[in-house]
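Everything below concerns the one structure shown next.
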Amino acid sequence: MPVHIEEFEAGDLPSGPSVPQQVLGYLYTNRDKAFTRSEIATSLDENPNTVGTALSRLKQRELVRHRGEYWAITNDLDRVADAYALHTITERLNQDEGAIEPDEWDAVAPDEPHPSERDE
């Protein structure tokens, strides 16, 4: 969705839910139905290619089901709740502490396994 140039220049950009979050929310709200990618994109007012990418990634995480042209939320709603909780916690930690830098973690990681991981 376009933003006015003054908003762009000032950095006052919208910060709503991501496309995957919108897709999951939409499919959850309508969990008694299945939709085509185009129907989901139109309902969310998002680009169909962006929605398609989100659906593919959500399918890899087993959060949505796909049959033919149709998509629906997984039957395992606990899995969706767990994914949402993890996402929320990660976002909060990133805001509070800053994002984790994998290279920095690797640089200080010990060379030997922790004693609890040793085979003796």
Side-chain angles (χ1 to χ4, degrees):
M1 174 184 306
V3 295
H4 197 275
I5 196 66
E6 280 101 23
E7 293 173 303
F8 173 77
E9 295 295 341
D12 297 331
L13 301 175
S15 61
S18 67
V19 173
Q21 289 172 318
Q22 292 178 65
V23 168
L24 274 181
Y26 180 77
L27 292 177
Y28 178 80
T29 301
N30 298 286
R31 59 189 171 275
D32 60 334
K33 298 178 182 89
F35 300 89
T36 65
R37 177 188 72 157
S38 296
E39 290 169 334
I40 296 168
T42 299
S43 295
L44 298 177
D45 194 26
E46 293 288 349
N47 181 299
N49 292 330
T50 304
V51 169
T53 299
L55 286 165
S56 294
R57 291 179 179 163
L58 292 168
K59 182 181 177 190
Q60 289 173 345
R61 293 177 178 91
E62 300 177 15
L63 296 172
V64 299
R65 298 176 284 157
H66 181 232
R67 182 169 294 141
E69 295 180 26
Y70 291 90
W71 297 85
I73 197 153
T74 181
N75 285 326
D76 186 356
L77 297 180
D78 288 338
R79 184 173 184 79
V80 175
D82 291 344
Y84 182 76
L86 177 62
H87 174 76
T88 302
I89 291 167
T90 303
E91 273 190 342
R92 187 174 308 133
L93 288 173
N94 284 343
Q95 288 172 356
D96 294 346
E97 305 295 331
I100 294 172
E101 298 292 334
D103 292 338
E104 290 179 23
W105 278 63
D106 288 343
V108 296
D111 294 328
E112 295 183 27
H114 188 271
S116 66
E117 298 176 339
R118 293 186 187 137
D119 292 330
E120 296 184 80

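Atom set for the values below is all heavy atoms of this structure, side chains included, hydrogens, waters and symmetry mates excluded.
Side-chain N or O atoms of R37 include none that pairs as donor or acceptor with a backbone N or O of W71 at under 3.5 Å. R57 contributes no side-chain N or O that, together with a main-chain N or O of T53, makes up a donor-acceptor pair within less than 3.5 Å.
For the atom pair L55 CG and T50 OG1, the distance stands at 11.0 Å (nearest 0.5 Å).
The shortest distance between side-chain heavy atoms of N75 and R65 falls below 4.5 Å.
Scanning both residues, P20 and L58, for their nearest heavy atoms gives O-CD1, 4.0 Å. The shortest non-hydrogen separation linking A34 to E39 is O-OE1, 4.5 Å. Between A54 and V19, the shortest heavy-atom distance links the atoms CB-CG1, 3.9 Å.
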Using distance only, find each side-chain donor-acceptor pair of residues 22-32 under 3.5 Å and give its atom names and separation, not counting sequence neighbours.
unit_1	atom_1	unit_2	atom_2	d
Q22	NE2	P17	O	3.2
Q22	NE2	E46	OE2	3.2
Y26	OH	S43	OG	3.1
T29	OG1	G25	O	2.8
N30	ND2	Y26	O	2.9
R31	NH1	Y28	O	2.7

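L77 and F35 fall within the same hydrophobic cluster, defined by Ile, Leu, Val, Met, Phe, Trp and Tyr side-chain heavy atoms under 4.5 Å apart, directly or through other members.
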